[in-house]
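Order of listing sets the numbers, starting from 1, for every ligand and every atom in it. Remember, predicted model here, so these are calculated numbers, not experimental data.
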Amino acid sequence: MRSPVRVAVTGAAGSIGRALLSRLGSGAMLGPDQPVILQLIELPTAMDQLRGVAMELEDCAFPLVHEITLHSDPATGFQDTDYAILIGARPRTKGMERSDLMRINAEIFSVQGRQINDHANPNVRVLVVGNPCNTNALIASRNAPDLHPTQFTAMSRLDHNRMAGILASRTGTNASDIRKLAVWGNHSATMVPDITHGNIFGQPLTELVDQQWYQNEFVGRIQQRGAEIIQMCGQSSSLSAASAALDHMNSWVNGTHGDDYVSMVVPSDGSYGISKGIMFSFPVRCRFGRYQIVQGLPLKPWLVDMIKRTEEELLTEREMVRDLLPAETEARHEN
Ligand code: NAI
């Protein structure tokens with residue numbers, strides 16, 4: 001058995017946090033041989049709920065869980081952590097403007113970025129789930145000047161998995177047989193679900209599904225899936241979001257399969273002409289604990305137009321929080 005690694009989770013008493021912790025404890029993120037120390041972080045007002053979650057985890061008696069610590073102070077919560085999963089965020093409430101939501105969360109994530117910078121393992125890998133996750137990840141990253149930007153990512157894997165699930169139902173196959181799907185851009189209604197390079201056992205998806213259905217129905221369905229689930233269940237997707245967060249980390253740490261790829265929100269390096277530095281969902285392959293943006297995929301003109309729109313939305317979001325983004329230094333990229 002390996003020595004335990006530390007996993008910090010914010011918003012650990014929330015819906016996604018609870019769903020994630022039980023599967024994390026049974027090895028779904030890092031595999032069945034990797035013990036973990038769970039460092040659970042919550043708002044001071046939610047510490048009683050967090051104690052309840054910790055009691056339940058204790059009652060699960062997971063062999064992989066070596067220790068559980070509870071924190072209302074992120075400085076101690078992120079101490080020496082190897083992985084940080086940032087789920088806790090302020091939800092949008094009635095009457096709140098999108099710009100207000102953006103600013104409230106910007107402040108939360110700038111503080112958390114600094115705390116991770118000062119207290120986490122210098123090789124920490126960070127996943128931001130809390131929305132607006134692309135811009136929250138940008139803020140956290142820019143407030144962590146001693147860490148490399150590539151250590152920060154955000155989650156578009158839920159949208160990727162939704163594509164696989166719906167395509168599996170449509171074609172009567174298993175989701176795991178569907179290869180080379182991609183989500184481009186923002187985790188928002190402007191995201192771009194791309195099946196044009198996908199295949200099932202080598203047969204192109206564009207031959208297996210009707211183009212009209214893809215463009216006129218499927219794209220909108222993926223973009224609106226979160227809203228549809230809220231309408232049905234009265235709360236946002238938590239089981240599938242937790243599962244996607246575990247998949248994201250698992251792919252990052254343990255690698256993607258063969259020449260297949262997954263979608264991750266990562267800092268743009270200018271690939272596909274996307275503005276450098278913004279956090280953008282790309283298709284990536286992972287090997288040896290690192291990810292690489294898949295290069296050279298030809299894109300249909302209508303997809304390029306959609307990708308431009310989602311990029312513009314991210315640039316607008318960045319403008320809204322510009323004063324919370326410390327200047328980027330060259331040295332940071334050379335670490
Ligand atoms: P929830 O409201 O059930 O739980 C959120 C938890 O975070 C609460 O327990 C709250 O006390 C805690 N929290 C809030 N601010 C915090 C802070 N500064 N530090 C530590 N903890 C804090 O919400 P749920 O359903 O778990 O969703 C969490 C976030 O994930 C939301 O922002 C939601 O929009 C986002 N989300 C993202 C998805 C994605 O694909 N990227 C998919 C689904 C949800």
Side-chain angles (χ1 to χ4, degrees), residues 8-22 39-54 70-78 81 84-93 96 98 101-116 126-140 143 152-163 165 183 185-189 191 193 222-230 233-249 262-266 279-281:
V9 180
T10 72
S15 310
I16 299 175
R18 298 170 81 103
L20 175 129
L21 287 166
S22 68
Q39 303 184 173
L40 310 184
I41 305 169
E42 258 296 349
L43 292 174
T45 49
M47 289 309 282
D48 275 348
Q49 288 98 306
L50 188 61
R51 277 180 210 106
V53 171
L70 309 185
H71 308 263
S72 57
D73 176 2
T76 61
F78 292 128
T81 198
I85 306 180
L86 310 185
I87 304 171
R90 181 78 177 271
R92 191 167 177 171
T93 43
M96 191 191 276
R98 188 171 161 77
L101 177 78
M102 197 72 76
R103 289 210 59 85
I104 291 168
N105 279 300
E107 277 159 30
I108 294 173
F109 284 84
S110 64
V111 172
Q112 292 189 352
R114 268 195 298 280
Q115 304 281 21
I116 290 171
V126 182
L127 165 63
V128 177
V129 175
N131 278 321
C133 66
N134 297 52
T135 296
N136 289 342
L138 176 69
I139 292 164
N143 283 278
F152 287 80
T153 64
M155 191 164 95
S156 55
R157 185 62 173 268
L158 176 55
D159 312 302
H160 182 106
N161 287 352
R162 283 170 171 163
M163 288 173 72
V183 176
N186 200 0
H187 170 70
S188 76
M191 78 181 79
I222 301 298
Q223 291 171 331
Q224 297 301 331
R225 184 73 159 183
E228 200 183 335
I229 288 174
I230 292 177
C233 306
Q235 61 168 71
S236 73
S237 347
S238 48
L239 294 180
S240 52
S243 193
L246 297 166
D247 287 347
H248 174 114
M249 287 310 238
V262 295
S263 305
M264 280 169 69
V265 174
V266 301
M279 296 294 291
F280 198 86
S281 177

Do [X] and [Y] get their side chains close enough for a donor-acceptor pair, meaning under 3.5 Å?
| X | Y | value |
| --- | --- | --- |
| Ser281 | Ser156 | yes |
| Asp247 | Asn161 | yes |
| Arg157 | Ser243 | no |
| Asn143 | Arg114 | yes |
| Thr76 | His71 | yes |

Closest non-hydrogen atom pair between Pro132 and Met102, with its separation: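 Closest approach of Pro132 to Met102, heavy atoms only: CG-SD, 3.4 Å.
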
Top protein contact for [atom], by heavy-atom distance:
| atom | result |
| --- | --- |
| atom 9 (O) of ligand 1 | Glu42 OE2, 2.6 Å |
| atom 29 (C) of ligand 1 | Ile87 O, 3.3 Å |
| atom 27 (O) of ligand 1 | Ile16 CD1, 3.4 Å |
| atom 33 (C) of ligand 1 | Asn131 ND2, 3.7 Å |
| atom 17 (C) of ligand 1 | Leu43 CD2, 3.6 Å |
| atom 41 (N) of ligand 1 | Val129 O, 3.3 Å |

Considering the heavy atoms of [X], write down every atom of ligand 1 situated less than 4.0 Å from one of them.
| X | result |
| --- | --- |
| Met155 | 39 (C), 40 (O), 41 (N) |
| Ala241 | 42 (C), 43 (C) |
| Gly11 | 6 (C), 7 (O), 12 (C), 20 (C), 21 (N) |

Sub-4.5 Å side-chain heavy-atom contact between [X] and [Y]:
| X | Y | result |
| --- | --- | --- |
| Ile108 | Ile139 | no |
| Phe78 | Leu86 | yes |
| Leu20 | Leu246 | yes |
| Val128 | Met155 | no |

Is [X] touching ligand 1 with its side chain, its backbone, both, or neither, if touching means heavy atoms under 4.0 Å apart?
| X | result |
| --- | --- |
| Cys133 | side chain |
| Leu158 | side chain |
| Ile108 | side chain |
| Gln112 | side chain |
| Ser236 | side chain |
| His187 | side chain |

Look at the side chain of Asn186 and the backbone N and O of Ser188, then say whether any donor-acceptor pair between them is shorter than 3.5 Å.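 No; zero donor-acceptor contacts below 3.5 Å.
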
Report yes or no: does Ser237 have a heavy atom closer than 4.0 Å to ligand 1?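 It does, in that a heavy atom of Ser237 comes within the 4.0 Å cut-off of ligand 1.
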
Would you check whether Ser238 reaches within less than 4.0 Å of ligand 1, judged by its heavy atoms?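 No, Ser238 has no heavy atom closer than 4.0 Å to ligand 1.
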
I need the single residue from Gln223, Arg225, Met191 that forms a side-chain contact (heavy atoms from CB on, under 4.5 Å) with Asp159. Which is it?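 With Asp159 as partner, side-chain contact (heavy atoms from CB on, under 4.5 Å) holds for just one option, Met191.
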
Protein heavy atoms: any of them under 4.0 Å from atom 23 (O) of ligand 1?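 No, there is none.
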
Hey, is atom 3 (O) of ligand 1 under 4.0 Å from any protein heavy atom?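 Given the 4.0 Å cut-off, atom 3 (O) of ligand 1 counts as touching protein heavy atoms.
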
Is the closest N or O pair between Thr10 and ligand 1 shorter than 3.5 Å?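 There is no such contact.
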
Which is closest to atom 5 (C) of ligand 1 in terms of heavy atoms, Gly14, Pro44, Pro74?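 Selected option, by shortest heavy-atom distance: Gly14.
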
My understanding is that we take every heavy atom of each candidate and find the minimum distance to atom 13 (N) of ligand 1. Doing that for Ser188, Ala137, Gly88, which one comes out nearest?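 When every heavy atom of Ser188, Ala137, Gly88 is considered, Gly88 comes closest to atom 13 (N) of ligand 1.
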
Trace of the side chain to side chain donor-acceptor pair (under 3.5 Å) decision for Arg18 with Ser238: CA-CA 9 Å; Arg18 298 170 81 103; Ser238 48; over 6 Å; no

